[in-house]
Amino acid sequence: MSALALGLRSLLGRAGAAGGGLLAQLPAAAGAARWLGCGPPQAAAPWPAQQQQQQQEARRACAAWAAAGGGGGGRHSTTILCVRQGSEVVIMGDGQATQGDFIVKSNVKKVRRVGATAVAGFAGVAVDGLALLERLEAKLEEHPGQLQRAAVELAKMWRQDKLLRELDASLVVADAGSTLWLMGNGDVLEAGADGVMAIGSGADFAEAAARALLQLRADQAAPGGERLGGALGMSLFDVARTAMGIAADCCCYTNSTFSWHHIQPDGAIVSGGGSSAGGAGQAAQPAAA
């Protein structure tokens, strides 16, 4: 090594020791120091396989977070609402389908019957949601009348299968006994004491409106509650339809063309859809229990 290089190495070494790593903050000086052997070591770049694994893990985490409704922009562009009073259940979904910023269809049916006694709605990619509903129906055939067990089995399959993990959808399922929310990260959540559950971009609006209407009905039913207004006469279906109408007014990804299933107290399931919020009850047709 030349005398000039030796002198520069000595000078850079003293400057690095005195400056407490200042050379690391100066790219040119740090590069010269590493070339002379007195600078801080450079971190080794990760192997391509490690980079690919990290990217896949990040994508899976983001997909699970979005399916769970994380963040305002990560939610699926739809609204599914399920309300319950005892064994009576109404599940309702809007009909708008979007492709990016474009509305491509306004009368999509996002709620389905699952088996003989359960109903479900999906938010997310249509083909993914339908694929999950088919698997849920298969699980219900294996465990008849046991919705919770079938939902847990589906969640386990959804979590463990490499192909199913890529499905971008979430489900709300209900029967006369319980209401459940299934997510791709393996969670199965049951509705709270008020029996209200919603998913999608308009979920907050629909859920808040439904809870307010149900609370108003309960307050009116109490002694002295007659002064609160006329919501006492609202049926559970009216509560769901009104709450979905409020969500459609607030969420640009939700329209007022609703489809729905109504599990009545006697176990019969009434279905309808394709009409606006003002006339959702017109399409009611009894279905076999």
Side-chain angles (χ1 to χ4, degrees), residues 68-96 98 106-111 119-124 170-174 178-181 189-222 225-264 270-284:
R75 296 190 176 188
H76 296 118
S77 302
T78 190
T79 302
I80 304 294
L81 173 67
C82 186
V83 294
R84 159 188 304 276
Q85 187 174 34
S87 60
E88 183 181 6
V89 180
V90 176
I91 188 169
M92 189 173 292
D94 77 299
Q96 181 167 297
T98 56
S106 61
N107 60 345
V108 178
K109 293 185 178 181
K110 304 173 186 176
V111 294
V119 294
F122 67 88
S170 57
L171 303 179
V172 167
V173 298
S178 60
T179 302
L180 305 171
W181 179 11
L189 303 181
E190 188 171 8
D194 58 6
V196 179
M197 182 167 279
I199 58 174
S201 55
D204 292 342
F205 308 116
E207 191 168 338
R211 286 179 171 174
L213 291 170
L214 290 174
Q215 184 61 50
L216 182 58
R217 285 204 322 165
D219 292 344
Q220 287 177 329
E226 298 83 3
R227 67 183 187 281
L228 295 178
L232 181 60
M234 294 182 70
S235 66
L236 192 66
F237 178 84
D238 292 332
V239 169
R241 181 177 58 181
T242 303
M244 284 292 293
I246 292 173
D249 291 339
C250 298
C251 176
C252 63
Y253 293 107
T254 302
N255 68 4
S256 55
T257 302
F258 305 142
S259 55
W260 46 269
H261 296 289
H262 184 181
I263 302 178
Q264 298 181 334
V270 178
S271 304
S275 55
S276 65
Q282 299 172 1

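Note: His262 and Phe237 have parallel aromatic rings, judged against thresholds of 30 and 60 degrees for the angle between ring planes.
When every heavy atom of Ala206 is checked against every heavy atom of Ala243, the shortest pair comes out as O-CB, 3.5 Å. Looking at every heavy atom in both residues, Ser201 comes nearest to Cys251 through OG-SG, 3.2 Å. Phe122 approaches Ile199 most closely through the heavy-atom pair C-CD1, 4.4 Å. Scanning all heavy atoms of the two residues, the minimum distance from Trp260 to Gly273 falls at NE1-N, 4.0 Å. Taking every heavy atom of both residues into account, Phe205 and Ala247 meet most closely at CB-CA, 3.8 Å.
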Checklist entry - Should Leu214 and Val239 be marked as a side-chain contact (heavy atoms from CB on, under 4.5 Å) after you check the CA-CA gap, both sets of side-chain angles, and the distance that decides it? => result CA-CA 7 Å; Leu214 290 174; Val239 169; 4.1 Å; yes

Item to check | Check against side-chain contact (heavy atoms from CB on, under 4.5 Å), Thr254 and Asp249 | outcome: CA-CA 8 Å; Thr254 302; Asp249 291 339; over 6 Å; no

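Distance CD1/Ile246 to CD/Glu207: 13.5 Å, rounded to 0.5 Å. Interatomic distance, Ser271 OG to Ile263 CD1, rounded to the nearest 0.5 Å: 9.5 Å. Atom CD of Gln85 is separated from atom CG of Leu236 by 6.0 Å, given to the nearest 0.5 angstrom. The CZ atom of Phe258 lies 10.5 Å from the CD1 atom of Ile80; values are rounded to the nearest 0.5 Å. In this structure, Met197 CE and Leu189 CG are separated by 6.0 Å, a value rounded to the nearest 0.5 Å.
Panel note: side chain Arg84, backbone Gly86; a donor-acceptor pair is recorded below 3.5 Å.
Looking at Leu180, Val119, Thr179 one by one, the single match for side chain to side chain contact (heavy atoms under 4.5 Å, CB included) with Val173 turns out to be Leu180.
Residues meeting the side-chain hydrogen bond (donor to acceptor under 3.5 Å, both in side chains) test with Thr242, sequence neighbours left out: none. With sequence neighbours left out, Asp238 forms a side-chain hydrogen bond (donor to acceptor under 3.5 Å, both in side chains) with Ser235, Arg241.
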Name every donor-acceptor pair, under 3.5 Å, that has one atom in a side chain of residues 89-96 and the other anywhere in the protein, sequence neighbours excluded.
from	atom 1	to	atom 2	distance (Å)
Asp94	OD1	Thr78	OG1	2.7
Asp94	OD1	Thr79	N	3.0
Asp94	OD1	Lys110	NZ	3.2
Asp94	OD2	Gln96	N	3.1
Asp94	OD2	Asn255	N	3.4
Gln96	NE2	Cys252	O	3.1

